[in-house]
J.: 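Dropping a structure here in structure tokens format, bear with me for questions.
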Amino acid sequence: MKVLILGSGGREHALAWKLAQSPRVHSLFCAPGNGGISEIAQCVPIKIGEHDQLVAFAKNEKIDLTVVGPDDALAAGIVDRFQTEGLTIFGPTQAAAKLESSKVFAKEFMQRHGIPTARFGHFSSSQEARKFARSMSVPLVVKADGLALGKGVIIAQTHEEADEAISAIMDERRFGDAGNAVVLEEFLEGPECSIHALVDGSHYLLFPSAQDHKRALDQDQGLNTGGMGTYSPTPQLTPTLEQTVRTEVLERFLSGLQSDGIHYRGMLFPGLILTTSGPKVLEFNCRFGDPETQVLLSRLESDLLDLLESTINGELASQKPIWKTGSAVCVIMASGGYPESYETGKPIIGLSKVAETALVFHAGTRREGNSYLTSGGRVLGVTATGPDLQTARNRAYQAVSEISFERAHFRTDIAAKGLQGN
Ligand code: AMP
Ligand code: GLY
């Protein structure tokens with residue numbers, strides 16, 4: 001089969017790495033890809049927003065399957081377009097992906113179908129929003145309705161901070177049209193957990209759990225980022241809590257789709273907080289997480305292609321994937337300054353030293369001959385597996401210590417919470 005992956009991050013490198021191992025994949029392409037992906041797939045210089053060019057490429061090359069990485073491609077309707085053209089593509093349609101691209105839509109879906117989530121209000125007037133915020137206790141959470149690269153969520157410690165956040169989102173339009181409406185939400189306490197489940201419309205297939213580290217600095221300090229590191233599984237999601245997630249989140253999600261007439265086929269990745277009164281959904285993502293995918297796929301023994309095809313064909317019930325026992329840890333090495341401004345073009349040293357001990361998934365890199373240069377905020381996802389979390393973590397950090405580039409920044413506490421069990 002000929003497979004095309006859309007995107008250019010570490011998630012897409014992990015998808016490419018795993019799909020390249022499928023005996024049924026004989027040609028692999030990635031648009032636009034990155035330095036690391038170019039080692040295993042043919043990178044095509046088409047941006048994910050260029051739908052006409054992507055369709056023309058897929059038709060010319062007779063691509064059998066296209067796999068979408070990022071949320072904005074789904075929100076822009078790439079899946080609908082490919083389907084209209086008679087091309088097979090993995091991911092939910094634009095209407096279904098609204099569960100990620102509109103927080104108001106997602107919260108109303110959860111409320112309608114009894115999926116546990118934080119209490120909330122939503123507003124399209126900043127004045128009304130400010131009035132409601134005053135009636136809430138602090139801290140409270142202010143969220144732009146639309147996609148804002150993970151930056152549209154502000155935890156306000158005081159009512160004044162909430163006012164400022166509402167003004168920034170709705171009046172100053174810091175995130176553009178994503179700020180047409182806001183969601184105000186109660187602040188939830190507890191460990192975070194990323195759940196991934198393939199959904200084929202009538203069945204779901206749960207992947208192992210993972211935990212991301214969203215803040216830029218150790219001890220969850222600093223700004224929110226796309227994610228600074230992950231580990232899997234998370235001991236905090238006990239078998240009892242996992243069963244609650246199945247019945248209260250995934251089964252209600254499926255029956256909600258049916259009663260609302262939403263056709264959802266693709267990956268569903270709910271972000272959860274495990275509160276003392278049970279797991280609550282923070283948000284739905286309609287795609288693979290980044291960097292959750294790096295740890296999940298490093299643990300998947302089975303053929304990913306089979307799983308993706310079964311999702312598209314409504315045959316997930318027949319799939320029983322095998323996962324490596326033990327753990328995986330991914331530490332993101334980022335450009336100094338990320339998620340604010342940073343420099344690029346720095347040579348990356350030491351990759352060959354870790355080729356045997358770690359999987360290095362590239363995010364913001366480009367290749368020049370046989371060398372790699374930084375080209376983005378998140379640069380590498382250094383990933384290792386092991387028989388237990390401590391071993392996987394030691395291996396990942398050992399590999400990180402062998403790799404360098406000017407002003408490289410990484411957190412030193414990835415997976416520490418998993419070892420402490422909180
Ligand atoms: P989201 O994009 O909705 O997942 O929010 C980004 C991050 O903000 C989450 O990963 C949490 O760390 C935090 N967050 C969002 N909503 C809440 C909430 N209701 N209570 C506590 N933290 C939250
Ligand atoms: N790692 C969080 C996300 O992909 O949204």
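When a ligand or atom number is given, it counts from 1 through the structure's own listing order.
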J.: With a 4.0 Å cut-off, would you call Lys143 and Glu185 a salt bridge?
T.: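 Judged by the 4.0 Å cut-off on N to carboxylate O distance, Lys143 and Glu185 do form a salt bridge.
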
J.: Taking N or O atoms only and a 3.5 Å limit, does Val141 qualify as a polar contact for ligand 1?
T.: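 Among all N and O atoms of Val141, none is under 3.5 Å from an N or O of ligand 1.
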
J.: In terms of atom number and element, which parts of ligand 2 are under 4.0 angstrom from non-hydrogen atoms of Asp212?
T.: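 Heavy-atom distances to Asp212 below 4.0 Å select 1 (N), 2 (C).
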
J.: Which residue and non-hydrogen atom of the protein lie closest to atom 17 (C) of ligand 1, and at what distance in Å?
T.: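 Protein heavy atom with the smallest distance to atom 17 (C) of ligand 1: Leu282 CD2, 3.3 Å.
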
J.: Any heavy atom of Lys280 sitting closer than 4.0 Å to ligand 1?
T.: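 Outside the 4.0 Å threshold, so no.
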
J.: Can you report which non-hydrogen protein atom sits closest to atom 2 (O) of ligand 1, along with the distance?
T.: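 Looking at atom 2 (O) of ligand 1, the protein heavy atom closest to it is Glu283 OE1, 3.1 Å.
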
J.: With a 4.0 Å cut-off on heavy atoms, is Gly289 in contact with ligand 2?
T.: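 Within the 4.0 Å threshold, so yes.
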
J.: Give the numbers and elements of all ligand 2 atoms closer than 4.0 Å to a heavy atom of Glu292.
T.: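 Those atoms are 1 (N), 2 (C), 4 (O).
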
J.: Could you check whether any side-chain heavy atom of Lys107 comes within less than 4.5 Å of a side-chain heavy atom of Thr117, counting everything from C-beta outward?
T.: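 Counting from C-beta outward, Lys107 and Thr117 do come under 4.5 Å.
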
J.: Identify, by atom number and element, the atoms of ligand 2 in contact range of Gly226, meaning under 4.0 Å from any of its heavy atoms.
T.: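 Matching atoms, with element in brackets: 1 (N), 2 (C).
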
J.: Any chance the rings of His362 and Tyr372 have centres within less than 6.0 Å?
T.: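 Centroid distance His362-Tyr372: below 6.0 Å, so yes.
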
J.: A side-chain contact here means heavy atoms from C-beta on lying under 4.5 Å apart; do Leu140 and Phe187 qualify?
T.: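 Side chain of Leu140 against side chain of Phe187, heavy atoms only: no contact under 4.5 Å found.
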
J.: Out of all atoms in ligand 1, which are within 4.0 Å of some heavy atom of Lys143? Include the element for each.
T.: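 Listed by number with element: 3 (O), 15 (C), 16 (N).
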
J.: For the residue pair Tyr264 and Phe253, does the interplanar ring angle fall in the parallel (under 30°), tilted (30 to 60°) or perpendicular (over 60°) class?
T.: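 Perpendicular: the ring planes of Tyr264 and Phe253 meet at over 60°.
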
J.: What is the closest protein heavy atom to atom 19 (N) of ligand 1, and at what distance does it sit?
T.: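 Of the protein heavy atoms, Glu185 OE1, 2.7 Å lies nearest.
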
J.: Relative to each other, are the rings of His213 and Tyr231 parallel, tilted or perpendicular (30° and 60° limits)?
T.: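 Answer is tilted, since the angle falls between 30° and 60°.
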
J.: Please state which part of Arg11 comes within less than 4.0 Å of ligand 2, counting heavy atoms only: side chain, backbone, both or neither.
T.: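 None of Arg11 does.
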
J.: Answer with yes or no whether Phe288 contacts ligand 2, where contact means a heavy atom under 4.0 Å from a ligand atom.
T.: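 Phe288 does not count as a contact of ligand 2 under the 4.0 Å cut-off.
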
J.: With respect to atom 21 (C) of ligand 1, which of Ile154, Leu147, Leu188, Leu140 exhibits the smallest heavy-atom separation?
T.: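 Nearest heavy atom to atom 21 (C) of ligand 1 lies in Leu188.
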
J.: Tell me, yes or no, whether the heavy-atom count around Arg173 atom CZ, taken from other residues, nucleotides or ligands under 6.0 Å, exceeds 12.
T.: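 Above 12, so yes.
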
J.: If you define the side chain from C-beta out and look only at heavy atoms, does anything of Arg130 sit under 4.5 Å from His159?
T.: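 No; the side chains remain at least 4.5 Å from each other.
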
J.: Any carboxylate oxygen within less than 4.0 angstrom of a Lys/Arg side-chain nitrogen, looking at Asp220 and Arg411?
T.: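 Result for this pair is yes, salt bridge flagged.
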
J.: Counting non-hydrogen protein atoms only, what is the nearest one to atom 12 (O) of ligand 1? Give residue, atom name and distance.
T.: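 Protein heavy atom with the smallest distance to atom 12 (O) of ligand 1: Glu192 OE2, 2.3 Å.
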
J.: Tell me whether the guanidinium CZ or amine NZ of Lys346 lies under 6.0 angstrom from the six-membered ring centre of Phe405 and within 45° of its axis.
T.: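 Lys346 over Phe405 ring: no.
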
J.: Answer yes or no: is there a donor N or O on one side and an acceptor on the other, between the side chain of Asp260 and the main chain of Ile262, under 3.5 Å?
T.: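 No; judged by distance alone, with no hydrogens or angles, the pair does not exist.
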
J.: Are any of the N/O atoms in Asn285 less than 3.5 Å from those in ligand 2?
T.: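 No - when backbone and side-chain N and O of Asn285 are compared with those of ligand 2, no distance drops under 3.5 Å.
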
J.: Can you sort out which atoms of ligand 1 are near Lys214, meaning under 4.0 Å from one of its heavy atoms?
T.: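 The list of qualifying atoms is 10 (O).
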
J.: Can a non-hydrogen atom of Lys103 be found less than 4.0 Å from any atom of ligand 1?
T.: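 Contact check Lys103 vs ligand 1: positive.
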
J.: Yes or no: does Ser194 have any heavy atom under 4.0 Å from an atom of ligand 2?
T.: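 Under 4.0 Å: no for Ser194.
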
J.: Look at atom 8 (O) of ligand 1 and say which protein heavy atom is nearest, naming residue and atom and giving the distance to 0.1 Å.
T.: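 Its nearest protein heavy-atom neighbour is Val153 CG1, 3.5 Å.
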
J.: Would you check if the distance from the ring center of Phe29 to the ring center of Phe57 is below 6.0 Å?
T.: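 Yes - the distance between ring centres of Phe29 and Phe57 falls below the 6.0 Å cut-off.
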
J.: Counting from 1, what ligand 2 atoms have a heavy atom of Pro291 closer than 4.0 Å?
T.: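 Heavy-atom distances to Pro291 below 4.0 Å select 1 (N).
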
J.: What residue and atom, counting heavy atoms only, is the protein's closest point to atom 5 (O) of ligand 2, and at what distance?
T.: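 Closest protein heavy atom to atom 5 (O) of ligand 2: Arg287 NH2, 2.8 Å.
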
J.: Decide if atom CD of Gln83 counts as having more than 12 heavy atoms of other residues, nucleotides or ligands within a radius under 6.0 Å.
T.: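 Counting neighbours around CD of Gln83, more than 12 heavy atoms of other residues, nucleotides or ligands fall under 6.0 Å, so yes.
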
J.: Should the pair Phe361 and Trp17 be assigned to parallel (<30°), tilted (30 to 60°) or perpendicular (>60°) ring geometry?
T.: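 Because their plane-to-plane angle is over 60°, the rings of Phe361 and Trp17 count as perpendicular.
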
J.: Suppose we measure from atom 7 (C) of ligand 1 to each protein heavy atom; which comes out shortest, and what is that distance?
T.: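 The closest heavy atom on the protein side is Asn224 ND2, 4.2 Å.
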
J.: Among all protein heavy atoms, pick out the one at the shortest distance from atom 22 (N) of ligand 1; state its residue, atom name and that distance to 0.1 Å.
T.: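 Heavy-atom neighbour on the protein nearest atom 22 (N) of ligand 1: Ile155 CD1, 3.7 Å.
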
J.: Would you kindly specify which portion of Gln211 sits under 4.0 Å from ligand 2, judged on non-hydrogen atoms: side chain, backbone, both or neither?
T.: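 Looking at Gln211 and ligand 2, no heavy atom falls under 4.0 Å.
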
J.: Fit a plane to each ring of Phe109 and Phe284, take the angle between them on a 0 to 90° scale, and name the class: parallel (under 30°), tilted (30 to 60°) or perpendicular (over 60°).
T.: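 Ring orientation of Phe109 relative to Phe284: perpendicular.
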
J.: In terms of atom number and element, which parts of ligand 1 are under 4.0 angstrom from non-hydrogen atoms of Phe187?
T.: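 In order of numbering, the contacting atoms are 20 (N), 21 (C), 22 (N).
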
